[in-house]
K.L.:
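This structure is in C-alpha cells; I'll ask about it shortly.
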Amino acid sequence: AGCMVPAAPNYNPSAVVSDGSCLAALRATGTVATFGYMASCFTFVAAADAPPPLVATAWGAEGAAAQPNGTTDATGYYALRYHPSQRGLVQAMPSGADGQCTDVLLGSTLRVPLLTTASASMVTQLTTLAALLVRDGGMEEAAASATLVAALGLPPQDVWAFDAFAATMFGSPAMQAGDMLWLIRQLQVSVAVDCLGGAFGGGAYGTYGSYGAYAYGDSALAIDPAPARAAFGVLATMLQGSKGSVVDLADPLRLLELASGIATLIGGADSMGAATEAATACAATNQELADAAAAAAATEAASRRPSEDA
C-alpha cells in the first residue's frame, strides 16, 4: 500500500493499493520581469535527471514539453507543479503557445531565456546570473544572492524575491533611488548580453537575428544564440570572482573582459574586432543608464535635505 498518484512527492511506483497518503505536488510560482512584467512566456521546471541538454548545463529546451510547464499571464505570473525529482532550474523562454514573451509596459520582447530556482518568486536578468552561480558555481542560494548584490553594487535585497519594478513604481514612497538601481542593473545586464551576443553572431547590436526552434505542440520554442548563453555564464563567473569589488558594466574594459570570455567559450576569436567595437557601444549605453540612476539618487538626496536641516 502507498501513494499511487505519480505527481505526488511521495509516489510509490510499487504500490498496488492506495492508502490515502499522497502529498500535494510541489509548486514553483513566481513573476517574470525584465523592466515591467513579461506576459506569454513559456516557463518550465527542468528535471534534475532529464536527458541532455537539460543536464548538460543550466540551459536547455529540448524536451521542455515533457517537463512541468505553463505560460505567464498578463502580470508575468506563472505557477508550475513539479515532482521532487524535477529540481532543476525554472526557465522562462522568449516565446510560448500564446505568442512572444512581451514586456506589458514597454512592449519589448524577451530575447534570451531567463533562469531562476524553483523556490524563487522572481525571474529576472539578475536571477539568471544568481541561478548560474548556484547551478554552475556550486553556491547556496543565499550566498549567490549576496555575491551578486555585492558585485553589482546594489542595496541589500534578496535577488530571488525582490520585485524591483513593484518597489520602484508602487513603493511607499515610490521611485526610491535604491529600488531604481535594481531596475538599472537589470537593464545593464540586458544591454551587455544583447550587445555582445550580437557581436558574436546573434545579430546586430541589440537585436538577435533568427533563432533555432524546437517544436512542441502547436508552437515553436525560440532558442537563444550560444553567445547570449555564454555572456550570462561568463558574467556570472566575473561576479563570483570579483572578491568584493564592483563589476562596472559601464566600463569598456569590463565588457572587453566579458567579450574575451565569450570568445573563449564559443571559439569566436575571429569576432573580437566586432566585439571590441560593441563593447564600447554597450558601455556607453550602460553609462547613460548609470547616469540616470545617479540623477535619481541626487534628486532623492536633495528632497530629503530640507527636512534634515529643519
K.L.:
Measure the CD-OG distance between Gln100 and Ser108 for me, rounded to the nearest 0.5 Å.
P.N.:
11.0 Å

K.L.:
Determine whether Leu196 and Ile262 satisfy the following criterion, side chain to side chain contact (heavy atoms under 4.5 Å, CB included), listing intermediate values before the conclusion.
P.N.:
CA-CA 8 Å; Leu196 295 177; Ile262 296 170; 3.9 Å; yes

K.L.:
Quick one: are Met122 and Thr116 in side-chain contact, heavy atoms under 4.5 Å?
P.N.:
no

K.L.:
Do the side chains of Cys101 and Ser40 get nearer than 4.5 Å, heavy atoms only?
P.N.:
no

K.L.:
Does the Thr72 side chain pair with the main chain of Cys41, one donor and one acceptor, at a distance under 3.5 Å?
P.N.:
yes

K.L.:
Would you call Pro94 and Arg111 a side-chain contact if the rule is heavy atoms closer than 4.5 Å?
P.N.:
no

K.L.:
Strictly distance-based, threshold 3.5 Å: is any side-chain N or O of Gln240 a donor or acceptor partner for the main-chain N or O of Gly137?
P.N.:
yes

K.L.:
For the residue pair Cys22 and Met4, what are the closest heavy atoms and their distance?
P.N.:
SG-N, 3.8 Å

K.L.:
Apply the test side chain to side chain contact (heavy atoms under 4.5 Å, CB included) to residues Leu239 and Leu152: give CA-CA distance (whole Å), side-chain angles for both, the deciding distance (0.1 Å), then the verdict.
P.N.:
CA-CA 8 Å; Leu239 298 183; Leu152 291 179; 3.8 Å; yes

K.L.:
Atom CG of Leu132 and atom OG1 of Thr127: how far apart are they, to the nearest 0.5 Å?
P.N.:
9.5 Å

K.L.:
Can you tell me how far CG of Leu183 sits from CE of Met175, rounded to the nearest 0.5 angstrom?
P.N.:
8.5 Å

K.L.:
Provide the full list of salt bridge (charged side-chain N to carboxylate O under 4.0 Å, His left out) pairs with a residue in residues 163-189, sequence neighbours left out, each pair given once.
P.N.:
none

K.L.:
Nearest heavy-atom pair of Ala199 and Ser271: which atoms, and what distance?
P.N.:
O-CB, 3.7 Å

K.L.:
Quick one: does Asp103's side chain have a donor or acceptor within less than 3.5 Å of a partner on Met38's backbone?
P.N.:
no

K.L.:
Does some side-chain heavy atom of Glu140 sit less than 4.5 Å from a side-chain heavy atom of Val134?
P.N.:
no

K.L.:
Compare every heavy atom of Cys3 with every heavy atom of Ala15, then report the nearest pair and how far apart it is.
P.N.:
CB-O, 4.3 Å

K.L.:
From Asn12 CG over to Ser18 OG, what is the distance, rounded to the nearest 0.5 angstrom?
P.N.:
10.5 Å

K.L.:
Roughly how far apart are Asp248 CG and Gln287 CD, rounded to 0.5 Å?
P.N.:
7.0 Å

K.L.:
Please assess Gln125 against Leu129 for the test side chain to side chain contact (heavy atoms under 4.5 Å, CB included), listing each intermediate value before the final yes or no.
P.N.:
CA-CA 7 Å; Gln125 302 93 322; Leu129 292 169; over 6 Å; no

K.L.:
Answer with yes or no whether the hydrophobic clustering places Leu255 together with Leu253; edges join I, L, V, M, F, W, Y residues whose side-chain heavy atoms lie under 4.5 Å apart.
P.N.:
no

K.L.:
Should Leu126 and Leu114 be counted in the same cluster of Ile, Leu, Val, Met, Phe, Trp and Tyr side chains packed under 4.5 Å apart?
P.N.:
yes

K.L.:
Can you see which heavy atom on Ala161 is nearest to which on Ser121, and at what distance?
P.N.:
CA-OG, 3.3 Å

K.L.:
Does any non-hydrogen side-chain atom of Met238 lie less than 4.5 Å from one of Leu258?
P.N.:
yes

K.L.:
Would Phe35 end up clustered with Tyr37 when hydrophobic side chains under 4.5 Å apart are linked, directly or stepwise?
P.N.:
yes

K.L.:
Can you tell me how far CD1 of Ile184 sits from CG of Leu289, rounded to the nearest 0.5 angstrom?
P.N.:
5.0 Å

K.L.:
Less than 4.5 Å apart, any side-chain heavy atom of Thr102 and any of Leu110?
P.N.:
no

K.L.:
For the pair Thr128 (side chain) and Leu115 (backbone), establish whether a donor and an acceptor sit closer than 3.5 Å, ignoring hydrogens and angles.
P.N.:
yes

K.L.:
Minimum heavy-atom separation for Ala228 and Val112, please, with both atom names.
P.N.:
CB-CG1, 3.3 Å

K.L.:
Would a hydrophobic clustering, with Ile, Leu, Val, Met, Phe, Trp and Tyr connected at side-chain separations under 4.5 Å, put Leu181 with Val247?
P.N.:
yes

K.L.:
Should Phe44 and Met93 count as side-chain neighbours, where that means a heavy-atom distance under 4.5 Å?
P.N.:
yes

K.L.:
For residues Ala39 and Ala74, report the shortest heavy-atom separation together with the two atoms involved.
P.N.:
CB-CA, 3.9 Å

K.L.:
Return yes if some donor-acceptor pair links the side-chain N/O of Thr276 with the main-chain N/O of Met272 below 3.5 Å, else return no.
P.N.:
yes

K.L.:
Give a yes or no on whether Leu256 and Leu265 share a hydrophobic cluster (residues Ile, Leu, Val, Met, Phe, Trp, Tyr; joining criterion: side-chain heavy atoms under 4.5 Å apart).
P.N.:
no

K.L.:
Within the 4.5 Å heavy-atom criterion, are Thr29 and Leu80 side-chain neighbours or not?
P.N.:
no

K.L.:
Please collect all ring-ring contact (aromatic ring centres under 6.0 Å, His included) contacts where either partner lies in residues 111-163, sequence neighbours excluded, each pair once.
P.N.:
Phe162-Trp182

K.L.:
Determine whether a donor-acceptor pair (N or O, by modelled atom type, separation under 3.5 Å) exists between the side chain of Thr168 and the backbone of Ala164.
P.N.:
yes

K.L.:
Mark yes or no for whether Ser245, through its side chain, and Ser242, through its backbone, hold a donor-acceptor pair below 3.5 Å.
P.N.:
yes

K.L.:
Are Gln186 and Thr34 linked by a side-chain donor-acceptor pair shorter than 3.5 Å?
P.N.:
no

K.L.:
Do Asn286 side-chain atoms and Leu249 backbone N/O form a donor-acceptor pair below 3.5 Å?
P.N.:
yes

K.L.:
Evaluate Thr31 against Phe165 for side chain to side chain contact (heavy atoms under 4.5 Å, CB included), listing each step before the verdict.
P.N.:
CA-CA 11 Å; Thr31 300; Phe165 177 75; over 6 Å; no

